[in-house]
Structure formats: C-alpha cells, structure tokens
2 protein chains.
Amino acid sequence: MATIRDVAKLAGVSVATVSRVLNQNGYVNEETEKRVRQAIKKLNYKPNEVARTLFKKTSKTIGLIVPDISNPFFPELVRAVEDVMNIYDYTVILCNSDEKNEKEKEYMEVLKQKYVDGIILTTNQLELDEVSEINVPVVVLDRPLNHSFPSVIADNYGGARLATRHLYEIGCRRIAHIQGPSHVVNAVERFNGYRDEMKELGLWDERLVILGNYQLKQAKEAVLQALKEYDIDGIFAGNDAMAVGALKAVQQLGLRVPEDVAIIGYDGIPLTEMTTPELSTISQPIYEMGAIAARILVKKIEGKPLEQIHYVLPVELIERQSTRKGERK
Amino acid sequence: MATIRDVAKLAGVSVATVSRVLNQNGYVNEETEKRVRQAIKKLNYKPNEVARTLFKKTSKTIGLIVPDISNPFFPELVRAVEDVMNIYDYTVILCNSDEKNEKEKEYMEVLKQKYVDGIILTTNQLELDEVSEINVPVVVLDRPLNHSFPSVIADNYGGARLATRHLYEIGCRRIAHIQGPSHVVNAVERFNGYRDEMKELGLWDERLVILGNYQLKQAKEAVLQALKEYDIDGIFAGNDAMAVGALKAVQQLGLRVPEDVAIIGYDGIPLTEMTTPELSTISQPIYEMGAIAARILVKKIEGKPLEQIHYVLPVELIERQSTRKGERK
DNA sequence: CTGAAAGCGCTAACAC
DNA sequence: GTGTTAGCGCTTTCAG
C-alpha cells in the first residue's frame with residue numbers, strides 16, 4: 001500500500017502539498033496538482049482512513065445497535081440506515097443487543113473507542129448515569145425513550161387504537177389483545193392504545209388480554225388456551241409474528257378467519273402477505289423510520305440544526321382477508 | 001477522554017510502562033503495576049483503538065458483505081457472524097451489495113482503507129484482477145466461487161436432488177421447478193440438481209422449468225401461467241419465497257396442496273412454518289454456515305492453519321404438510 | 001525492570 | 001503557492 005510520502009516523492013513535492021490536493025484545501029499550482037494526481041493514480045494511492053481518523057477524530061463510521069437482526073422487523077430498518085449512511089460515505093457497524101442493557105453498554109463503549117461518529121440505538125432503557133457519559137451523537141430509533149436524544153418512532157398508541165377500532169367496525173365485540181413483553185416500551189404503548197379504545201367502546205375486559213411475548217409460538221399457545229376459555233371474535237396482536245400464531249391457533253381449533261375470529265397484526269412486515277388468509281396489519285413505515293434516523297444522525301454529526309427532534313411517524317391500517325368485512329357472518 | 005499520558009502522569013511512570021501493563025508485555029514491577037492500574041481506574045481510561053490500529057495495522061473489525069439484509073435468508077447468517085466475531089472481540093461492518101459487482105468493489109476498497117482484519121463475502125463473481133489486489137483475509141460464504149479463498153456453502157446440488165426425489169417418492173410425476181436468477185450460482189446449482197434427478201427418473205421435460213427470479217410475486221405469476229398450460233402435480237421451488245408464491249398460485253386456482261399439487265421450497269427460513277399448509281423445504285444450516293465462516297476468518301486472521309478450506313455443509317429435508325404423503329390422493 | 005525516542009500515516013498551523 | 005514541523009494516541013525497539 002502506497003502512502004502519502006510515496007506520492008509526494010514521486011511527484012517531487014511535499015506531503016503537505018499532496019494532502020492539499022487530496023482535501024482540496026489551500027491553494028496549489030495547477031501544474032503541481034496535475035503531477036500529484038498522476039502520482040496518485042500511478043501508485044493507486046488511497047489515503048489511510050485510520051490515520052485520518054486518528055487526526056480528525058471522525059471515522060466516517062456509525063454504530064447501529066438493534067436487539068436482534070434476525071427478528072424480521074429489523075432487517076428493513078437496518079437496510080434503510082445502511083442505504084442512507086452509504087450516501088453520505090459512512091459505514092455501519094452492526095450490533096445485536098438482545099435487549100440486554102449490559103450488551104448495549106459494552107457496544108457503546110467499544111464503538112466510542114473506535115471513534116464512531118454517531119450511534120443509532122434501538123433500546124428501551126438507558127440508565128441516566130451512562131447517558132451523561134455519552135459524548136457521541138445518538139439517535140433513538142423505534143422505541144420511545146424520554147430523553148433529550150432525537151428520536152424516530154411510529155405512533156404505537158394511535159396504531160393500536162386504530163386496529164382495535166377496525167375490529168369493532170367490522171363487527172367484533174369480544175376483542176382480545178395479544179400483548180408483547182412488558183419491558184418493551186412499544187408493546188406497552190400498543191396495549192395502552194387497545195385498552196383505552198376498548199374502554200371508550202365500553203368493551204374493556206381485562207381477561208381478554210393475552211400474553212404472547214412477541215413470539216409466534218407463545219402467542220399460539222396462549223390463544224389456543226384463551227379461545228377455549230372465553231368467547232372471542234376478534235384478535236389484535238401486538239406484532240405480526242403473534243398474529244400468525246393466533247391464526248394458527250384459530251385454524252387449529254377449526255374456526256374460520258375472519259368469519260369466526262378476525263385477526264389483525266402489527267408492524268406490516270412482508271410475512272403478513274404470505275399467510276392464508278393474508279393478514280390485516282397496522283403498517284409502520286419501517287424503511288422510512290430507518291432512513292429518517294440516519295439523516296438526523298448525519299445532521300447531528302455535521303453540527304447542523306435539526307428542524308425537529310422527536311419524530312412520530314403515522315401508521316397505516318392495511319386491510320386484508322383476515323378482517324375482510326364482507327367475509328364475516 | 002483520558003489518554004495514556006494522563007495515566008502515566010498520574011501514576012508517576014512513563015507511557016511505556018503503562019503500555020506494558022495494558023498489553024501485558026514486558027516486565028513491570030508489581031507495585032508499579034498496581035499504581036498504574038489504580039490510575040487507569042481512576043481516570044476510567046480506555047485505550048484509543050484508532051491509535052492502536054494505526055500502529056498495529058489490525059482493527060478488530062471485519063467487513064461482512066451480503067447482497068441484501070432484508071432478504072429473509074440473510075439475517076440469520078449475519079447474526080451468526082456477529083455472534084461469533086463478538087466472542088473474539090471483533091466488530092462487524094455490514095454492507096449491502098445488491099449482488100452488484102461494483103458495489104462490492106467499492107465496499108472492499110473502503111473496508112481495506114479502514115484496515116479491517118478480514119472480509120466475509122457473499123458473492124457470485126469476483127473478477128480475477130481484483131482478487132490479486134486483495135491483501136486481506138477473505139472467506140466466501142453461501143456461494144460457490146472457484147477460488148483459492150476458503151469458503152462455506154451448503155450442498156445446493158444435492159439438496160435439489162433430494163427435493164426432487166422427495167416429490168417423486170410421494171407420487172408426483174409432473175414435477176416443475178421454479179428457478180432462481182441465472183446469475184446467482186446456487187440457483188443454477190439447484191437447477192442442475194433438479195435436472196439431473198429428473199433425467200435419472202426419466203421425467204425430464206424442459207417445459208416444466210419456470211423462471212421465478214427468487215421473488216414471491218414473479219413466481220406466483222409464472223406458476224399461475226404454467227398451471228394453466230401444463231399438467232403439474234409437484235413443484236420444487238428454488239427458494240422459500242418462491243414456494244410461497246407457488247402456494248398462492250395453486251390455491252388461487254382452487255387446487256389443493258398437497259392433494260393436487262405438492263410443493264417444496266428451499267432454504268428453510270422461518271417463514272415456511274407460517275403458511276397454511278406449512279411448507280416442506282430443504283433446510284440449510286444457515287446459522288452454522290455463518291458461524292463457521294466467522295471462525296475460519298478468525299483463524300486466517302490469526303495466521304493459524306485451517307483444517308479444511310472448502311466447507312460444503314449438508315442440507316436436510318423438512319417434511320411438512322405441503323408434501324405430506326398421506327394427504328395426497 | 002523502566003524511560004526516552006521514533007514512528008504508524010495523515011493533517012494543519014506556521015513560516016517563507 | 002509550498003515546505004517544515006508538530007502532533008493525533010499508541011506501541012516498540014533500544015538503552016540504561
């Protein structure tokens with residue numbers, strides 16, 4: 001690998017001059033510049049980013065901490081972040097935290113030691129004492145975190161009300177909710193939306209709340225159980241995987257979807273189009289969330305002002321067969 | 001952020017000594033060491049990885065280039081790589097190439113400039129002239145590439161024969177194949193396996209080959225078309241997404257799976273358990289592939305010898321409802 | 001056992 | 001316009 005000194009030598013100039021043409025800063029004679037460029041080309045010289053980083057304290061790299069990339073909600077989010085960062089010549093270090101505060105902390109530390117320019121974080125908690133130590137731009141993604149950090153989330157509460165209301169409107173009255181893990185903030189917000197809507201509709205009954213832990217299998221088992229114990233004609237699942245679990249449970253008991261039990265999921269991942277019947281869902285603008293978070297981070301890194309700190313993106317009801325009105329009795 | 005000089009000053013020793021205790025290299029007085037450790041703790045000193053990298057030319061970072069993380073085959077692979085690299089204290093830069101040679105090249109360049117210690121690559125082609133320029137350990141993953149690089153792939157050819165034979169054994173005789181993109185090596189290998197098996201069974205008919213481009217929707221349309229034109233009683237899809245497409249097409253035409261048409265996919269992604277009926281598939285050991293690739297890379301980085309250069313992992317037939325023998329007429 | 005000094009490859013004053 | 005120099009924070013000879 002050629003260094004800047006090699007280039008300087010070949011071009012017969014000082015390294016400073018080479019640096020100047022490289023960074024287009026300062027004046028340099030046209031002729032000289034030409035010679036330098038030739039030397040660069042001839043040696044196929046590429047500046048050493050590490051040396052540059054050491055000096056400038058900026059690495060053109062960001063950290064992206066997600067709970068688990070193999071959870072089907074995250075790949076699209078990650079892809080969006082990578083796409084946008086790539087435009088701005090940033091590279092993305094991917095970290096899986098498994099929702100564990102400890103792993104998050106460790107990664108944050110490692111990322112800081114690598115001089116990352118910023119971090120995009122999908123987390124539920126961030127202990128306050130740590131926060132103060134963070135001197136790297138941070139953007140919080142997907143999870144509402146009441147901090148001063150910029151954040152990009154979708155309207156979980158509103159989406160949940162929308163889903164619940166939709167089931168009501170197609171005629172459901174005994175509407176169950178499969179709730180995600182209570183330590184995940186947006187699972188709680190979705191529950192809150194469901195509860196408030198149900199109360200407003202005068203349908204609230206806490207026995208209709210089922211725990212599914214965001215997992216297909218757990219949701220399936222829980223729904224199997226619940227269907228035997230209670231009369232249920234609609235299910236709002238806290239995420240799409242659990243909606244599939246519900247679908248399987250309902251079908252296993254020989255009931256029809258949506259005729260006997262209507263089902264709606266949450267997230268809008270591609271999976272919902274692959275089931276039979278296809279699942280209605282509350283679709284989050286996943287790609288957009290990631291893209292906006294990335295753009296905000298770039299602005300923060302570049303020290304530009306943000307027009308907005310907290311983004312709450314709207315969600316959208318996607319009606320598919322699992323809640324098709326005409327198909328209900 | 002404290003530097004090593006701060007620590008040295010506080011402990012009343014030279015930076016060399018601090019470096020020695022940090023890297024446990026060279027001898028240092030027990031007392032002195034204690035003082036140094038105290039100073040480190042007091043200042044909460046963490047060595048600057050960038051400076052270290054500049055000197056040692058090793059960054060404890062690797063690059064992972066995949067076609068597209070939002071393709072459901074890759075998240076698990078990526079997760080496996082990250083998990084293993086994390087054990088060895090490496091960090092992973094994720095790159096999406098969209099199967100484009102140009103993007104791959106660019107990323108390789110950027111990664112090298114960042115002094116990554118190695119690269120894991122999922123690609124079909126690698127032009128020879130580039131290869132020679134690469135002076136970073138590389139491991140090729142998921143795609144057979146006839147190069148000297150170590151590689152980890154699954155037995156695509158064998159898996160395809162297995163799938164085809166399975167359909168035959170449950171009674172199918174007009175077995176169609178939905179083929180993936182012809183520029184993706186393992187799609188071609190799967191086709192080859194299908195063709196050879198069909199020929200051996202004396203069932204080969206090139207009109208039974210359908211193009212699906214690895215996409216659900218394209219596969220669905222193509223199957224819809226094919227089912228109208230030809231007599232087909234079994235479908236072997238080149239990946240799971242296309243199997244779902246086939247399933248949808250068959251169901252849309254009012255045919256039953258597996259009674260009228262049996263379907264088997266390829267890959268074994270979680271999705272296959274979510275459809276109704278659940279899809280049979282050839283399951284690849286995805287996580288293991290990623291994990292092995294990562295371990296190999298670490299060995300190469302550490303300069304240790306590899307017991308094996310080219311890994312071809314076995315695949316497994318997963319029989320589910322979509323090819324359930326008892327359910328066929 | 002420990003310190004001084006050089007240098008990884010680059011950039012940014014500061015002179016000329 | 002261009003070169004000289006110091007230094008980013010660390011590690012490693014080389015002396016002592």
> Whole-Å distance between C:dG7 P and A:Phe55 CZ?
19 Å

> Applying a 4.0 Å non-hydrogen cut-off, can you work out what A:Thr53 is touching in the nucleic acid: base, sugar-phosphate, or nothing?
nothing

> Got a salt bridge between B:Lys304 and B:Glu302, using NZ or NE/NH1/NH2 to carboxylate O under 4.0 Å?
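A salt bridge is present here (some side-chain N lies under 4.0 Å from a carboxylate O).
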
> Return yes if a side-chain donor-acceptor contact under 3.5 Å exists between B:Asn48 and A:Tyr115, otherwise no.
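A donor-acceptor contact under 3.5 Å links the two side chains.
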
> Which part of the nucleic acid does B:Ser19 contact within heavy-atom distance under 4.0 Å: base, sugar-phosphate only, or nothing?
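Touches a base.
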
> Check A:Arg79 with B:Asp98, please: is the shortest side-chain N to carboxylate O separation under 4.0 Å?
yes

> Check this one for me: any side-chain N or O of A:Asn48 less than 4.0 Å away from OP1 or OP2 of C:dC8?
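It does not, given that no N or O in the side chain of A:Asn48 lies less than 4.0 Å from OP1 or OP2 of C:dC8.
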
> Starting at the 5' end of DNA chain C and moving along, which residue's nearest nucleotide shows up first, A:Val15 or B:Val15?
B:Val15

> Can you check the B:Arg35 CZ to C:dC1 P distance for me, whole Å?
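Rounded to whole Å, this separation is 14 Å.
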
> Quickly work out the A:Leu22 CG to C:dA12 C1' distance and round it to whole Å.
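Going from A:Leu22 (CG) to C:dA12 (C1'), I get 14 Å.
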
> Tell me the interatomic distance from B:Arg52, atom CZ, to C:dG7, atom C1', rounded to whole angstroms.
17 Å

> Examine C:dC10: is either OP1 or OP2 under 4.0 Å from a nitrogen or oxygen in the side chain of A:Tyr45? Give yes or no.
yes

> Taking B:Glu30 first and then B:Lys34, would you say they form a salt bridge - that is, a charged N and a carboxylate O separated by under 4.0 Å?
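No.
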
> Tell me yes or no: between the side chains of B:Tyr214 and B:Asn71, is some donor less than 3.5 Å from an acceptor?
no

> Looking at the side chain of A:Ala51, which of C:dT11, C:dC1, C:dG9 is the nearest nucleotide?
C:dG9

> Tell me: NZ of A:Lys9 to P of C:dG9, nearest whole Å?
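About 12 Å, once rounded to whole Å.
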
> Taking the nucleotide of DNA chain C with the nearest heavy atom to each, does B:Tyr115 or B:Thr32 sit closer to the 5' end?
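Closest to the 5' end, via its nearest nucleotide, is B:Thr32.
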
> In the structure I gave you, are the side-chain heavy atoms of B:His310 and B:Ile153 within less than 4.5 Å of one another anywhere?
no

> Ignoring backbone atoms, establish whether B:Lys57 has a side-chain N or O less than 4.0 Å from OP1 or OP2 of C:dG9.
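Affirmative; the distance criterion is met.
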
> What is the distance from atom CG of A:Asp142 to atom CG of A:Asn156, rounded to the nearest 0.5 Å?
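Here the interatomic distance stands at 7.0 Å.
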
> In whole angstroms, how far is the P atom of C:dG3 from the OH atom of B:Tyr27?
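Checked: the OH to P distance equals 18 Å.
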
> Return the value, rounded to whole Å, for the distance between atom CZ of B:Arg5 and atom P of C:dA5.
12 Å

> So what does B:Val13 touch, heavy atoms closer than 4.0 Å: a base, only the sugar-phosphate, or nothing?
sugar-phosphate

> Reading DNA chain D in the 5' to 3' direction, which nucleotide is the first one with an atom under 4.0 Å from a heavy atom of chain A, and which is the last?
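Result: D:dG1 to D:dG9.
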
> Can you measure A:Lys56 atom NZ to C:dG9 atom P for me and round it to whole angstrom units?
18 Å

> Start at the 5' end of DNA chain D and walk down; is the nucleotide closest to B:Leu54 or to B:Ala16 reached first?
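Of the two residues, B:Leu54 wins.
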
> Do the side-chain N or O atoms of B:Thr17 get closer than 4.0 angstrom to the phosphate oxygens (OP1, OP2) of C:dG3?
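For B:Thr17, the contact criterion (side-chain N or O under 4.0 Å from OP1 or OP2 of C:dG3) is met.
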
> Using 4.0 Å as the upper bound for N to carboxylate O, is an ion pair formed by B:Arg52 and B:Glu49?
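A salt bridge is present here (some side-chain N lies under 4.0 Å from a carboxylate O).
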
